[in-house]
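In what follows, a single structure is set out as structure tokens and then discussed.
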There are 2 protein chains.
Amino acid sequence: MSTGWQEVQAEVLRRIQNREWPPGGLIPGEVALAREFGCARATVNRALQALADDGWLERRRRAGTRVALSPLRRAQMSVAVLRKEVEALGKTYGHRLLMRKVAGSLLSLQTLHQADGAPYGIEDREIDLTHLPAAGSADFTILSANEWLVQNAPFDHGNMSYMSEGATAFDARHLECEEATPLLVLYRETFSEAGRITRVRLAHAPGHVVRLQI
Amino acid sequence: MSTGWQEVQAEVLRRIQNREWPPGGLIPGEVALAREFGCARATVNRALQALADDGWLERRRRAGTRVALSPLRRAQMSVAVLRKEVEALGKTYGHRLLMRKVAGSLLSLQTLHQADGAPYGIEDREIDLTHLPAAGSADFTILSANEWLVQNAPFDHGNMSYMSEGATAFDARHLECEEATPLLVLYRETFSEAGRITRVRLAHAPGHVVRLQI
DNA sequence: GGTATGAATATGTCTATACATATTGAACAA
DNA sequence: TTGTTCAATATGTATAGACATATTCATACC
């Protein structure tokens with residue numbers, strides 16, 4: 001029997017998906033599985049660990065390994081730079097800095113993102129200069145704030161929200177659509193250890209689709 | 001020096017985030033790091049592997065390990081059952097099956113999901129009975145199709161799309177809003193090995209927010 | 001110059017062993 | 001009954017050693 005941890009993983013996953021090991025059920029211990037597959041316990045451990053990371057199994061010392069009760073799947077999307085998102089569509093990216101304003105330690109920016117010259121999204125951003133003083137002297141007319149931040153402001157964590165909103169007068173003017181047109185709007189905050197780095201509202205052009213993989 | 005792979009991971013991550021090891025740069029080999037940290041190569045391997053899984057590092061045999069050039073972060077959301085989503089808001093879940101129709105091997109369903117009696121989302125679903133004959137005889141008035149499928153139709157993969165759409169007459173009637181109100185609409189397909197299991201369009205009630213963690 | 005060949009090397013993975021640690025459940029005490 | 005203690009046990013993790021595999025680089029060859 002060939003003994004790779006990936007093969008062990010595949011076989012265990014198959015048993016889970018085929019209900020041979022039902023949700024909530026206890027599966028054999030690592031030692032037993034190692035004997036069955038004819039490999040070392042470490043190999044089984046590697047496989048089960050990977051499955052636990054992916055949410056298929058729940059493992060606790062002494063208590064053993066169970067098939068996850070609610071196999072709540074995670075959907076993933078990559079948080080790409082807008083330029084790359086546009087280029088991935090085979091279009092030419094462009095952007096225009098519409099507004100730049102400093103109020104205290106808060107830098108406000110408005111940027112229009114374009115794909116082949118057409119409006120792609122309108123961005124309204126605030127950057128906290130106390131946590132990121134370099135942003136005060138950066139030239140966002142060349143590199144967009146979106147891309148500059150990805151390269152210069154590594155963040156710990158953040159959150160994103162998608163909402164459906166009718167286009168405001170501001171949105172409509174820059175996205176070249178009617179007011180109240182349904183738009184997909186993204187709100188995002190990112191934090192470093194010190195605190196919030198930036199907050200952004202991005203209204204996408206009409207018809208924009210966000211895709212996730214499950 | 002205490003030697004846990006998590007500590008090695010933490011220290012390496014610190015160096016990446018502090019630009020001590022710049023993006024695109026080659027980092028020391030596993031043997032060198034093991035010597036520095038005073039642990040076995042396998043321990044360093046475990047740590048670097050984890051960081052590579054998270055997208056911080058790119059590793060290739062013989063070529064060595066590099067700090068990822070574009071630390072393209074992934075945003076995650078859990079694909080929960082609607083009932084749990086509603087209950088997580090502290091509200092009482094309810095649903096009504098509005099329509100059930102079989103055309104050939106295609107089962108069509110329309111379901112209204114409710115939170116505290118108010119409309120939460122209106123679902124339009126197709127299920128392929130050739131891949132899932134059991135769905136033909138299930139009673140979706142008790143357990144919603146959404147939940148029944150999660151429990152009975154393990155899937156390999158799938159995709160989701162979010163769009164912003166104006167409420168159709170159908171949406172508006174059931175979600176109790178004006179026509180053309182901006183709605184967040186979810187399209188989802190899930191596949192098993194055999195083929196597509198189900199396709200669904202879910203129009204959320206006005207004001208719905210989708211949150212993701214980065 | 002361009003191409004084939006092979007040695008060197010960094011990561012990938014498996015093994016056997018050992019000890020750590022959390023948790024369970026039984027035995028026992030208050 | 002309730003609480004405490006303790007041994008048993010499944011997973012967590014570290015280690016040294018070995019071999020596999022991909023890739024690079026230098027070298028030899030045409």
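Note that these values count all heavy atoms, side chains included, but never hydrogens, waters or copies made by symmetry. Protein chains get the first letters and strands the later ones, always in sequence-line order, with residue 1 at the start of each.
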[X] [atom1] to [N] [atom2]: how many Å, rounded?
| X | N | atom1 | atom2 | answer |
| --- | --- | --- | --- | --- |
| Arg59(B) | dT9(C) | CZ | C1' | 14 Å |
| Arg66(A) | dT11(D) | CZ | C1' | 14 Å |
| Leu26(B) | dT23(D) | CG | C1' | 13 Å |
| Glu7(A) | dC14(C) | CD | P | 8 Å |
| Leu33(B) | dA14(D) | CG | P | 15 Å |
| Asp53(B) | dG12(C) | CG | C1' | 13 Å |
| Leu57(A) | dG12(D) | CG | P | 10 Å |

So, is [X] close to the [N] phosphate, meaning a side-chain N or O under 4.0 Å from OP1 or OP2?
| X | N | result |
| --- | --- | --- |
| Asn45(B) | dT13(C) | no |
| Thr43(A) | dT13(C) | no |
| Arg46(A) | dC14(C) | no |
| Gln49(A) | dT11(D) | no |
| Gln6(B) | dG12(D) | no |

[X]: what forms a side-chain hydrogen bond (donor to acceptor under 3.5 Å, both in side chains) with it, not counting sequence neighbours?
| X | answer |
| --- | --- |
| Asp139(A) | Thr141(A) |
| Asp171(A) | Thr168(A), Arg201(A) |
| Tyr162(B) | none |

For residues 124-147 of chain B, the ring pair (Phe, Tyr, Trp, His ring centres under 6.0 Å) pairs (sequence neighbours left out) are Phe140(B)-Trp148(B)

Partners passing salt bridge (charged side-chain N to carboxylate O under 4.0 Å, His left out) against [X] (at least two apart in sequence or in another chain):
| X | answer |
| --- | --- |
| Arg199(A) | Glu126(A) |
| Glu189(B) | Arg196(B) |
| Arg125(B) | Glu123(B) |
| Arg59(B) | Glu30(B) |

Can you name the atoms? Protein N/O to nucleotides 16-18 of chain C N/O, anything below 3.5 Å, with the distance.
| from | atom 1 | to | atom 2 | distance (Å) |
| --- | --- | --- | --- | --- |
| dA18(C) | N6 | Arg41(A) | NH2 | 3.3 |

Could you tell me whether a side-chain N or O of His95(A) sits under 3.5 Å from a main-chain N or O of Ile142(A), the two making a donor and an acceptor? yes

Can you build the contact string for nucleotides 4-10 of chain D? Use B for base contact, S for sugar-phosphate-only contact, and - for no protein heavy atom under 4.0 Å. -----BB

Please verify the inter-ring angle class for His208(A) with Tyr120(A); under 30° counts as parallel, over 60° as perpendicular, anything in between as tilted. perpendicular

Spacing of Arg46(B) atom CZ and Arg41(B) atom CZ [to the nearest 0.5 Å]: 15.0 Å

Any N/O pairs under 3.5 Å between the protein and nucleotides 3-6 of chain C? List them or say none.
none

Quick one: salt bridge (Lys or Arg N to Asp or Glu O under 4.0 Å) pairs with a partner in residues 19-29 of chain B, sequence neighbours left out? Arg14(B)-Glu20(B)

